[in-house]
Amino acid sequence: MNAYESARAEARRVVEAACRKAAEAGTLPAGDLPPVTVETPKDASNGDWACTFAMQCAKPLHMAPRKIAEAIRDNLELADSCFEKVEIAGPGFLNFTLAQSWYGDAVRAVSEQGGDYGRTAAARPEKVMVEFVSANPTGPMHMGNARGGVLGDCLAEVLDWAGNDVTREFYINDAGNQVDKFAHSVEGRYIQEVRGEDAVAFDPSWYQGDDIKALAHDLVEKYGDSLLDKSPEERFQIIEGYGLPTNIARMERDLKRYKIDYDVWFRESELHGSGYVKKTIDLLTEKGATYRTEDGALWLRSTDFGCDKDDVLCRANGFYTYFAADIAYHRNKFEKRGFDRVINIWGADHHGHVKRLQCALDAIGLDGSNRLEIVLMQLVRMMQGGEVVRMSKRTGKSLTLTDLLDEIPVDAARFFFNSRAAETQMEFDLDLAVRQDSDNPLYYVQYAHARICSVLKNAAESGFALPDPQAADLSVLTGADERALIKVIALLPEEIAQAAAVRDPSRLNKYAVSLAQQFHHFYNACRIKDDDKRVRDARLTLCMAARQTIKNVLQIIGVEAPETM
C-alpha cells in the first residue's frame, strides 16, 4: 500500500467528480479541462495536500480562480474519502486535510505487509539488469569499486522493491591486453623470485602491486622452479590459468563480505570464444554502419549517430577492440537475454564512452539511447583526522576495499557510501563512521530501532500484552507528534518508488534518518506505558509499525537492524 499515492489519487478523484457535478448544476461551464494537479504543500499548516486546479482552469473557463475553487468545494463529496475537510486559501488553492481514518489505515498497512511493507507494484514492470563494479581481475578492488558496489546493490534493491524483475551482474574482463599484461607481470615476478631480482628486467608498464608478487610466490610454492622448464606459451597458460581464477575468487569473497551477491558473473572471454563479438561486428557491417581504412582497420560510423568521432572496432592486426567486445556484451543483454532496460554504474571518467556505446546499439537497432542507462559515479575522498587518506596503515599502499573493511564495520561502509547521490562527490569520514553517538547517522538510525525493541520488551515485561494492530483503536492517535510519525512511516513506499524512478538509492538514507528523528520526537513527547489502555495499545502499535519500517529500510540499504545497542 502506498498511502501517499492513494491519498493523492483520491484528491484528484474527488475534485474531478466535483467539477462534473458543478458543471451539471450550471455553477461551472462544461468543457475540456486540464489534468488535476495535487501536491504536498511546503507549509504543513496549509493542509496535507494542495490542489492548484482552480488557477489552472481560470483561463479555459474564463472565471476567477476563487470562484472556481468555491464551486468545486461546494460540490465535493468527502464522505467515502480519506479526507476530513477541504479549505480554500489565497487566490484559489484547495487545501485537503487527511481524516483520522487515513492515519489508522497507514499504521495497519505496516502490520499487514510486515517485511514487505514498502514494496509496490510497478505500473509497467521491467526486466532490468544492473551491472556494477565489474573491476578488472588483475588487482584488488579500490575505493571507486567500494562506492560503486553499494550504489549498484542498493539501486538494484530499490528497483526490485518498486516492482521490477532485477538481475545483478558482474562483467569479468578476462580477455584482451590487460590479461596478457597481468600474466606477464606475474611471470616476471615468478622468475625474479626463483632466480633473483636481476634475472629479468621488470617492464615498467606491467602491474606493480604487491598482489602480483603474492601470486608469484604462490606459484613458486605450487610449482617450485618447474615452470621455467616450460615453453613460454605453456608457462603463460599456467600462470593465467592460476592467477585469474584466484583473483576472481578473491573478488567474489570480498564482495560477499561486503554483503553483495551477484546473480550472474559474465565472462568477456565467452563472447570471444563463442564468436559473438565477430557476429556483432558483422551485423554492424551488414547495416552499413562500418568502413575500413587503408591500413585494414574496421571503424564504426559513430558520427552518423551523433558522436564526435568514429571508433575503431577491429585493428589492422585483426584484433577486436575493447569497444567491440562491449557492444557485443550489451547486444547480448538486450537481444539474447531479453532485458528491457540495462543500467550500468560507471566511474565519471567513463563519461565519453556513454554516448558512443548507446549509438552503437542504436546502429544495431536496439534503441540504446533509451534502453541503456549509465549512472556516472563521482570520486570519493577518504578522510581521517581531517586529512585525506590514500594509503593503508597496514600495507602502506593504496587503500583497497579489503583495507577499508578491516578498518570499519561493513554496515558503516555500506551506509556511508550510499549517503550521497552517485553524481555528487563525497567525503567519507572514517572517524565518524565508527563513532557510537548520534552524530553518526547510521548509529542514530540503528539506535532508534534498538530503542523501539527496548520499549516493546519493557512493556511485555511489565505485563502489558502487545496489542493486535488490527484490533487496536488507532483513532486516539491524534497528537501532533503521533501524526507526524505516522506520516513519515507512510512515506516509505513512495520514497522507494521515487528512489527507483530517479536512480538514487541515497534517498533511503535520508528517509531513514528522518524516520529515526521523528520517532525520537514521538518517544520524548508521548508517554507509552503509563496512559490508559486504549492510548497505550495505540502507541505500542505505532511503535511496532515504526520498528518494522526502520527494519525494512535498513534491509534495502543492506545493514543490520540491531535489537540492542
Side-chain angles (χ1 to χ4, degrees), residues 134-139 171-191 200-208 212 230-245 247-248 266-305 307-333 336 346 349-350 352-364 368:
S134 297
N136 284 339
T138 54
Y171 182 51
I172 307 172
N173 303 124
D174 62 341
N177 290 334
Q178 79 273 8
V179 174
D180 291 343
K181 186 165 75 169
F182 168 72
H184 284 306
S185 303
V186 177
E187 180 184 37
R189 293 303 188 194
Y190 169 81
I191 295 172
V200 61
F202 197 78
D203 191 319
S205 70
W206 291 349
Y207 295 114
Q208 307 286 322
I212 299 296
K230 308 288 186 183
S231 68
E233 294 78 15
E234 188 177 0
R235 182 167 64 238
F236 182 90
Q237 287 183 346
I238 292 172
I239 290 173
E240 180 184 327
Y242 173 79
L244 280 181
N247 275 4
I248 292 168
F266 190 99
R267 293 176 177 270
E268 180 187 352
S269 58
E270 293 179 8
L271 295 171
H272 292 280
S274 66
Y276 200 76
V277 176
K278 181 181 184 305
K279 292 173 185 175
T280 300
I281 304 310
D282 288 347
L283 178 60
L284 283 166
T285 299
E286 290 170 13
K287 291 181 176 292
T290 66
Y291 64 91
R292 285 195 183 274
T293 51
E294 290 183 2
D295 64 357
L298 186 70
W299 290 70
L300 178 68
R301 300 181 186 276
S302 304
T303 50
D304 288 357
F305 296 89
C307 293
D308 295 334
K309 60 184 181 66
D310 293 342
D311 295 287
V312 180
L313 297 174
C314 186
R315 298 186 182 91
N317 60 10
F319 288 103
Y320 290 107
T321 61
Y322 179 81
F323 182 48
D326 215 15
I327 298 170
Y329 174 46
H330 285 81
R331 177 191 168 208
N332 173 280
K333 293 179 180 182
K336 193 168 185 178
W346 285 356
D349 56 333
H350 288 75
H353 191 56
V354 175
K355 179 68 174 176
R356 63 188 193 135
L357 180 55
Q358 291 174 327
C359 288
L361 295 172
D362 288 342
I364 296 175

Exercise. How far does OG of S274 sit from NZ of K336, to the nearest 0.5 angstrom?
Worked result: 6.0 Å
Problem set entry | Min side-chain heavy-atom separation T138-I212 under 4.5 Å | no
Problem set entry | Side-chain (D295) to main-chain (A297) donor-acceptor, under 3.5 angstrom | yes
Problem set entry | Spatial distance of atom CZ (R356) from atom SG (C307) [nearest 0.5 Å] | 8.5 Å
For this session: Kindly give the heavy-atom pair with the smallest separation between S185 and F202, and that separation in Å.
Result: O-CE1, 3.4 Å
Exercise. Which distance, rounded to the nearest 0.5 Å, do you find between the CD1 of I281 and the OG1 of T321?
Worked result: 7.0 Å
For this session: Please examine the side chains of K279 and R331, heavy atoms only from C-beta on, and report whether any two atoms are closer than 4.5 Å.
Result: yes
Exercise. Under 6.0 Å between the ring centres of H184 and Y207?
Worked result: no
Exercise. Under the 3.5 angstrom rule, does the side chain of D174 hit a backbone N or O of S269 as a donor-acceptor pair?
Worked result: yes
Exercise. Quick one: OH on Y190 to CD1 on I238, what's the gap to the nearest 0.5 Å?
Worked result: 9.0 Å
For this session: Report the distance from atom OG1 of T290 to atom CG of L298, rounding to the nearest 0.5 Å.
Result: 4.5 Å
Exercise. Hey, are R301 and D310 close enough for a salt bridge, meaning a charged N less than 4.0 Å from a carboxylate O?
Worked result: no
For this session: Start with the C-alpha gap between T285 and Y291, add the side-chain angles, then the distance that decides, and say whether side-chain contact (heavy atoms from CB on, under 4.5 Å) holds.
Result: CA-CA 8 Å; T285 299; Y291 64 91; over 6 Å; no
Exercise. Should the heavy atoms of other residues, nucleotides or ligands under 6.0 Å from CG of N317 be counted, would the total exceed 12?
Worked result: yes
Problem set entry | Check: N247 side chain, P137 main-chain N or O, donor-acceptor pair, under 3.5 Å | yes
Exercise. Does the H330 side chain pair with the main chain of D326, one donor and one acceptor, at a distance under 3.5 Å?
Worked result: yes
For this session: State, yes or no, whether a side-chain contact exists between L284 and L300 at a heavy-atom distance under 4.5 Å.
Result: yes
Problem set entry | Aromatic ring pairing Y171/Y322, orientation class (parallel under 30°, perpendicular over 60°, tilted between) | tilted
For this session: Determine, step by step, whether I239 and F182 satisfy the side-chain contact (heavy atoms from CB on, under 4.5 Å) criterion, reporting the C-alpha distance in whole Å, the side-chain angles of both residues, the deciding distance to 0.1 Å, and the verdict.
Result: CA-CA 9 Å; I239 290 173; F182 168 72; over 6 Å; no
Exercise. In Å and rounded to the nearest 0.5 Å, what is the OG1 to CG distance from T280 to L361?
Worked result: 9.5 Å
Exercise. Are any non-hydrogen side-chain atoms of I172 and F266 less than 4.5 angstrom apart?
Worked result: no
Exercise. Below 4.5 Å, heavy atoms only, C-beta onward: do Y242 and V186 meet side chain to side chain?
Worked result: no
Exercise. Between Q208 (side chain) and W206 (backbone), is there a donor-acceptor pair under 3.5 Å?
Worked result: yes
For this session: For side-chain contact (heavy atoms from CB on, under 4.5 Å), just list the numbers for Q178 and K181, CA-CA rounded to whole Å, side-chain angles, deciding distance to a tenth of an Å, and then say yes or no.
Result: CA-CA 5 Å; Q178 79 273 8; K181 186 165 75 169; 5.6 Å; no
Problem set entry | Working for side-chain contact (heavy atoms from CB on, under 4.5 Å), residues L313 and F323 | CA-CA 7 Å; L313 297 174; F323 182 48; 3.9 Å; yes
